[in-house]
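Heads up: the structure comes next, in structure tokens.
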Number of protein chains: 2
Amino acid sequence: MKAEHDARGDTRRKILDLAETLLLSRGFNAFSYQHISAGLGVRNAAIHYHFARKTDLGVALIERYRRRFARFIAAQAGLTPAEQLERYFTLTDSYFQRQQICPSGILSAELQTLPPEMQQAGGLFVAEMRAWAVDIVARGQADGSMQYAGSAAGMGALMFASMQGALQLARFDEAAIASVKRQLRQLLGLAAEADNTNNSNNTATTHEESQQ
Amino acid sequence: MKAEHDARGDTRRKILDLAETLLLSRGFNAFSYQHISAGLGVRNAAIHYHFARKTDLGVALIERYRRRFARFIAAQAGLTPAEQLERYFTLTDSYFQRQQICPSGILSAELQTLPPEMQQAGGLFVAEMRAWAVDIVARGQADGSMQYAGSAAGMGALMFASMQGALQLARFDEAAIASVKRQLRQLLGLAAEADNTNNSNNTATTHEESQQ
DNA sequence: GCGACTCTACTTACCGGTCAGTAAGGTGTC
DNA sequence: GACACCTTACTGACCGGTAAGTAGAGTCGC
């Protein structure tokens, strides 16, 4: 009766999940189909069955990120700007704990060696992330909960860039993320958080997708 | 009388120079000895003669950066913190113009795939860069020329992280660097610069080394 | 002032391993 | 029997790295 009927699309999802881990920890150029096939106990050609070229896999990963990020944003529509900021910080922490960097970081670092399709999809993803960062500080400024010099566009760009940078630099100095987060709160005129915003289930970023 | 006596050590320097360009534009994993040998018109084995393993080449590149950065700092010992900040910004611009990202960015992004020797050398380099950033804002705060919330350590870390991030994100959106620079000046309480701090010769970063 | 030797800086010609990608065949399910 | 989902078996390109040979310039004894 076959305990594992391997619900259709299961392997494809496993490939994406493992490829995502590899992408964020090693980069696109530094993982191979062999890494994936060895990790999943299937053959090289099985990966090619689902993703004919590595480019297809890369694009699928980025598109999945974009959908996930859209849901991440939508899921916290009701929160205050300050709360949304903390969610953003929590997301960054969860990358760090897995020894990963954020997708935008690896995509921009490797950009010139990536296939054009991935460059294009990456551009859209990065624009969406920056827009969200700008939106948070713009609303925070508008409702008076955040005060800072300069423009919302500048502050959002700074926030996005500094968190991406901090996540990378944390590989050398693990204090980098906490240090940058603390400084950003100060510059936004926010009370310093306990820095353990431990709502015990921060599942927002790890949800799996049923989608192909 | 041999027009080209190829002053001893010349090839070695050419290898380092081309490898540096490749490292900052493509990353360490995405360039090969073939790229270098083809670019210089020599054979693969000639590169191995000077740098037996790719790891040796990578470490040599980082060590050269560290020496260059030390001279970069020393050369502007007399300047005010604000002037030093602008030099830092100019350095970032010059990377962007060459379609490169900063060494610390590529090293941290690829860190987990780099040989241990490079990880170690990279760690020292990154620590030196961050220390310099902290030093600038600490002295700026001390002499009253910069005012900002939070600590000098936090502000320096933020500055370093955000410039590294901005340089990467500029590959998708070229306005990122100017935007982040402008915001940093605002947050430091500095008057907005003309943003073309064009002292026509900003050679500080491009100086060649005679050293091996 | 010249042959013998040494050293640097390469060259040619390889090596085994890994890469992404392909062709053809098998197997279980509807 | 059509189809989804694999497998086995392979290809050519490229990877970092190595062994052996060589051209030329400098150095030495004599």
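Hydrogens, waters and symmetry mates play no part in the numbers below; they use all other heavy atoms, side chains included. Every chain is numbered from 1, with letters handed out A, B, ... down the list of sequences. This one's a predicted model, so the numbers in the text were calculated from it and none came from an experiment.
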- Is any side-chain nitrogen or oxygen of A:Thr11 closer than 4.0 Å to OP1 or OP2 of D:dC5?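 Indeed not, no polar side-chain atom of A:Thr11 lies that close.
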
- Query: Quick one: is D:dC14 close enough that its OP1 or OP2 comes under 4.0 Å of any side-chain N or O from B:Ser32?
  - Reply: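 The answer is no; no side-chain N or O of B:Ser32 sits under 4.0 Å from OP1 or OP2.
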
May I have the distance from [X] (atom [atom1]) to [N] (atom [atom2]), rounded to whole angstrom?
X        : N      : atom1 : atom2 : value
A:His50  : C:dG21 : NE2   : P     : 16 Å
A:His48  : D:dT11 : NE2   : P     : 16 Å
B:Gln34  : C:dT12 : CD    : C1'   : 15 Å
B:Lys54  : D:dT18 : NZ    : P     : 15 Å
B:Leu114 : D:dG16 : CG    : P     : 14 Å
A:Tyr33  : D:dT7  : OH    : P     : 15 Å
A:Phe51  : C:dT22 : CZ    : P     : 16 Å
B:Leu22  : D:dC15 : CG    : P     : 12 Å

- Message: Less than 3.5 Å apart, any donor N or O on the side chain of A:Ser37 or A:Asn44 sitting next to an acceptor on the other?
- Response: no

- Item | Between A:Gln168 and B:Gln164: side-chain donor-acceptor atoms closer than 3.5 Å |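 There is such a pair (donor and acceptor under 3.5 Å, judged by atom type) between the side chains of A:Gln168 and B:Gln164.
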
- Item | Face-on cation placement of A:Lys181 at A:Tyr88 ring, 6.0 Å and 45° thresholds |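 Checked: cation-pi criterion not met.
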
- Query: A:Phe72 vs A:Trp132 aromatic rings, parallel, tilted or perpendicular, using cut-offs 30° and 60°?
  - Reply: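 The rings of A:Phe72 and A:Trp132 stand perpendicular, inter-plane angle above 60°.
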
- Task: Measure from the side-chain heavy atoms of A:Asn44 and tell me the nearest of D:dT7, C:dA20, C:dA13.
- Result: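 Selected nucleotide: C:dA20.
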
- If you check every side-chain atom of B:Ala46, which of D:dC14, D:dT18, C:dT11 has the closest atom?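 Comparing D:dC14, D:dT18, C:dT11 against the side chain of B:Ala46, the answer is C:dT11.
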
- Task: Please tell me which of A:Tyr49 and A:Arg43 maps to the more 5' nucleotide of DNA chain D, matching each residue to the nucleotide holding its nearest heavy atom.
- Result: A:Tyr49

